[in-house]
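The structure under discussion appears below in the form of structure tokens.
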Amino acid sequence: MRVLHRELMTKQDGERVAIAGWLHKKRLLGGLTFLNIRDRSGLTQVVVKDKAEVEKLRGLQVGTVLHVEGSITKEPRAPGGVELHDVNLTIIVPVTEEPPIEIDKPLSHQPEHLDTLLDNRVIGLRNLQEAMIFKIRSELLRYIRDFLYKNDFVEINTPKLVAGAAEGGAEVFKLDYFGKDATLAQSPQLYKQIMVGVFERVFEIAPAFRAELSATTRHVSEVTMLDIEMGFIEDHNEVLNLVQALVYEVLNRVYQEHADELKSLKAPVLTLKTEFPRYSMAQIHELFSRETGKDTTKELDLTPEEEKWICEYARTHDGCEAIFATNLPAAKMKFYHMAEDDGQTARSADLLFRGVELSTVPQREHRHDNLLAQMKKSGIDPNSPGFSHFVTAFRHGLPPHGGCGFGIDRLTEKVIGLNNIKEAILFPRDINRLTP
RNA sequence: GGGCUCGUGGUGUAGAGGCCUAACAUGCCUCCCUGUCACGGAGGAGAUCGCCGGUUCGAAUCCGGUCGAGCCCGCCA
């Protein structure tokens, strides 16, 4: 019976156990050899004194898959306080090829080394620090699901092969679909709104595909999005409050339950309040101009510099590094968003965290005739294959609703304090990278 | 798509016209080492300096092109 690393402390001193895992590190000190064996729960230190056993590993590299039988030895000098002695090694998969990248010490995350990091991803992810990033990402997803289930949301899966673009704006990937034109979904937007007519509250965690020719630290062509949509809202505020509660809970949990890991990854200290400061877009432009002396008020949207600045401003002035930028200009709004009654701004807010936009949180236009008018204005044919089913749902009754789309990659990146979205993605896809 | 910067053993760097037959660290191989945990010590293998062309008596080094990468901007989430 295979015992996991994490279970070793519960065993009796001297008990014979068997572990299995990968050779992670080998230190030969002459008459004494230390092995680190990696399994899914951590590294186990194995002490080998028998020369014949050490010989079994001659020529074998890190990554060799091993079965190790040995005696539990409580030992304060061992990492974790326990190690295996008097061992019998069995090689399950011998590895003779030298690893392309070293995995027993932290890998460089310097921007100029990103290519090496990603080219050698297959092996580099075995580095404990790298794996930790993705363990935390997994936990973030778990906390998100916990929160949403608790709040009566249903998880859905919508098609990623679609007939038309879901949103204006972002470029889509076009492909041949049995002789017809199709695109890869850039958002589950239309489907999740349709599903409000079924479950009221729905969410999806899935890839979205963007064909933007963007080369920045914030963009990739395949992103993992958390999409949320909720019906029967009293007002836009209700959506903002839900997103706020979600973010607050998820961030607090990860900082509580993974304090040690976040510390070892050098994540910044979390500065958060239950109520996120809300600044209108106009206020941010004004504050930014006044405090920095730079004039960006003619910009409709926030510049990346302003996004960074306002988050830092809110962190020091309001004690909260997540903020809502509210009253987005109507000129920038999508056809399915709801305009404020004055027509100048949209009922929409950007959630900013640590200098980047994590999410846009709008109320939707649920009134059929208004929606058609806005589609027309955006040059969208409501009878086209990509949109006719969407409009059908409205004809048959959709309540006032709102929601958001959330970049999980950016969230992971920012929680850990990484510098590039690609560091938070196992196998990122960008304008130049399709492998590994 | 625009601008700026960078390409040297597997990995990370040094070298900035001749001292380069390319140095250092790490990894790998051989040997020594009984408490390592970035183990230590001795020795060894491994790079036609991204690629093509040019300048020069001489190019890793200067110039042009090309390919690749990074960052910023735009676009976007």
Side-chain angles (χ1 to χ4, degrees), chain A residues 24-36 43-51 54 58-62 73 75-80 83 85 95-120 123-124 127-129 166-172 186-187 189 207-227 299-305 307-308 332 334 348 350-353 356-362 404-411 413-414 419-422 430-433:
Chain A
H24 193 76
K25 183 73 184 176
K26 160 165 83 164
R27 293 190 191 90
L28 294 89
L29 276 70
L32 187 64
T33 294
F34 292 99
L35 304 178
N36 289 150
L43 293 182
T44 301
Q45 176 155 289
V46 171
V47 181
V48 191
K49 291 183 182 171
D50 184 343
K51 283 201 162 57
V54 176
R58 179 176 289 270
L60 296 184
Q61 304 292 331
V62 163
T73 308
E75 168 58 77
R77 287 174 296 184
E83 61 190 15
H85 285 200
V95 174
T96 52
E97 189 177 321
E98 200 182 326
I101 196 161
E102 291 161 55
I103 62 165
D104 64 313
K105 51 195 81 163
L107 298 178
S108 170
H109 277 243
Q110 294 297 315
E112 58 271 31
H113 303 156
L114 194 64
D115 211 37
T116 306
L117 190 70
L118 297 177
D119 280 344
N120 298 300
I123 304 306
N127 185 294
L128 298 186
Q129 297 274 314
E167 306 182 1
E171 290 292 323
V172 297
Q186 31 145 220
S187 162
Q189 185 61 41
F209 304 93
R210 312 284 167 112
E212 301 298 335
L213 280 171
S214 297
T216 77
T217 54
R218 310 179 299 284
H219 294 86
V220 281
S221 36
E222 180 174 354
V223 292
T224 302
M225 296 288 295
L226 161 65
D227 271 275
E299 301 286 337
L300 280 176
D301 213 345
L302 297 180
T303 63
E305 190 186 3
E307 289 180 348
K308 285 193 190 80
K332 293 284 286 184
K334 307 277 172 58
S348 183
D350 279 351
L351 173 68
L352 305 179
F353 177 64
V356 299
E357 182 188 326
L358 283 185
S359 180
T360 300
V361 191
C404 68
F406 228 99
I408 296 297
D409 314 299
R410 280 191 189 174
L411 176 68
E413 175 201 350
K414 285 301 153 185
N419 297 314
N420 193 309
I421 190 171
K422 293 168 202 169
D430 66 23
I431 52 174
N432 299 313
R433 181 176 286 279

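Convention: sequence-line order gives letters A, B, ...; per-chain numbering from 1. The figures here come from the full heavy-atom set of this structure, side chains too, leaving out hydrogens, waters and symmetry mates.
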Original post:
When rounded to the nearest 0.5 angstrom, what is the spacing between NZ in A/Lys26 and CG in A/Leu60?
Top reply: 6.0 Å

**OP:** Would you please name every residue forming a salt bridge (Lys or Arg N to Asp or Glu O under 4.0 Å) with A/Asp350, sequence neighbours left out?
**Re:** none

Original post:
Which nucleotide in the set B/A77, B/C75, B/U11 lies at the smallest distance from any side-chain heavy atom of A/Thr216?
Top reply: B/C75

**OP:** Report yes if the side chains of A/Ile421 and A/Arg218 come closer than 4.5 Å at any heavy-atom pair, otherwise no.
**Re:** no

Subject >> Nearest-0.5 Å distance that lies between atom CD1 in A/Ile101 and atom CG in A/Leu117 >> reply: 6.0 Å

Original post:
Which residues satisfy the salt bridge (Lys or Arg N to Asp or Glu O under 4.0 Å) test with A/Lys422, sequence neighbours excluded?
Top reply: A/Asp430

Subject >> Among B/C75, B/C71, B/U13, the nucleotide that comes nearest once only the side chain of A/Thr217 is considered >> reply: B/C71

Subject >> Results of side chain to side chain donor-acceptor pair (under 3.5 Å) for A/Gln45 - residues two or more places apart only >> reply: A/Glu83

**OP:** Rounded to the nearest angstrom, tell me the gap between atom CG in A/Leu351 and atom C1' in B/A77.
**Re:** 12 Å

**OP:** Could you please name the partner base of B/C24, counting Watson-Crick and G-U wobble pairs only when both distances are under 3.5 Å?
**Re:** B/G12

Subject >> Counterpart base for B/G1, defined by Watson-Crick or G-U wobble contacts under 3.5 Å >> reply: B/C73

Subject >> B/U61 versus B/A22 - spacing of their C1' atoms, nearest Å >> reply: 12 Å

Original post:
Taking the C1' atom of each, how far is B/U36 from B/C24, in whole Å?
Top reply: 25 Å

**OP:** Using a heavy-atom cut-off of under 4.0 Å over every strand shown, decide if A/Pro99 touches base, sugar-phosphate, or nothing.
**Re:** nothing

**OP:** Provide the Watson-Crick or G-U wobble partner of B/C62, both distances under 3.5 Å; none if there is no partner.
**Re:** B/G54

Original post:
When you check the gap from the basic side-chain N to the acidic O, do A/Arg27 and A/Asp104 get nearer than 4.0 Å?
Top reply: no

**OP:** Look at A/Thr116 and B/G12 and indicate whether a side-chain polar atom (N or O) is within less than 4.0 Å of OP1 or OP2.
**Re:** yes

Original post:
With the sugar-phosphate defined as primed atoms, P, OP1 and OP2, and the base as all remaining atoms, what B/S/- string results for nucleotides 29-36 of chain B, 5' to 3', for protein heavy atoms under 4.0 Å?
Top reply: SSS-BSBB

Original post:
How far, in whole Å, is B/G9 from B/C72 if one measures between their C1' atoms?
Top reply: 33 Å

Subject >> Nearest-0.5 Å distance, CG of residue A/Asn127 to CD1 of residue A/Ile123 >> reply: 11.5 Å

Original post:
Counting only Watson-Crick or G-U wobble pairs whose two distances fall under 3.5 Å, which nucleotide matches B/A42?
Top reply: B/U30

Original post:
Which value, in whole Å, describes the distance between the C1' atoms of nucleotides B/C39 and B/U26?
Top reply: 14 Å

Original post:
Hey, does A/Asn420 reach any base, or is it just sugar-phosphate, or nothing, if we go heavy atoms under 4.0 Å?
Top reply: sugar-phosphate

**OP:** Please report, rounded to the nearest Å, how far the P atom of B/C76 is from the CD atom of A/Glu212.
**Re:** 7 Å

**OP:** Please identify each residue that fulfils side-chain contact (heavy atoms from CB on, under 4.5 Å) with A/Glu307, with sequence neighbours left out.
**Re:** A/Leu302, A/Leu352, A/Glu357

Subject >> Between C1' of B/G12 and CD1 of A/Ile101, the distance in whole Å >> reply: 10 Å

Original post:
Is there a Watson-Crick or G-U wobble partner for B/G17 with both distances under 3.5 Å, and which nucleotide is it?
Top reply: none

Subject >> Heavy-atom donor-acceptor pair, A/Ser359 side chain to A/Val361 backbone, under 3.5 Å >> reply: no

Expected rows: protein N/O vs nucleotides 24-26 of chain B N/O, under 3.5 Å:
{"unit_1": "B/U26", "atom_1": "O3'", "unit_2": "A/Lys105", "atom_2": "NZ", "d": "3.4"}
{"unit_1": "B/U26", "atom_1": "O2'", "unit_2": "A/Glu102", "atom_2": "OE1", "d": "2.4"}
{"unit_1": "B/U26", "atom_1": "O2'", "unit_2": "A/Glu102", "atom_2": "OE2", "d": "3.2"}
{"unit_1": "B/U26", "atom_1": "O2'", "unit_2": "A/Lys105", "atom_2": "NZ", "d": "3.4"}

Original post:
Base, sugar-phosphate, or nothing: which does A/Val361 touch, judged by heavy atoms less than 4.0 Å apart?
Top reply: nothing

Original post:
Looking only at side-chain N and O atoms, does A/Asn432 come under 4.0 Å of OP1 or OP2 in B/A69?
Top reply: yes

Subject >> Short side-chain N/O contact from A/His113 to OP1 or OP2 of B/A69, under 4.0 Å >> reply: no

**OP:** Rounded off to whole Å, could you give me the CG-to-C1' distance for the A/Asp119 and B/A69 pair?
**Re:** 10 Å

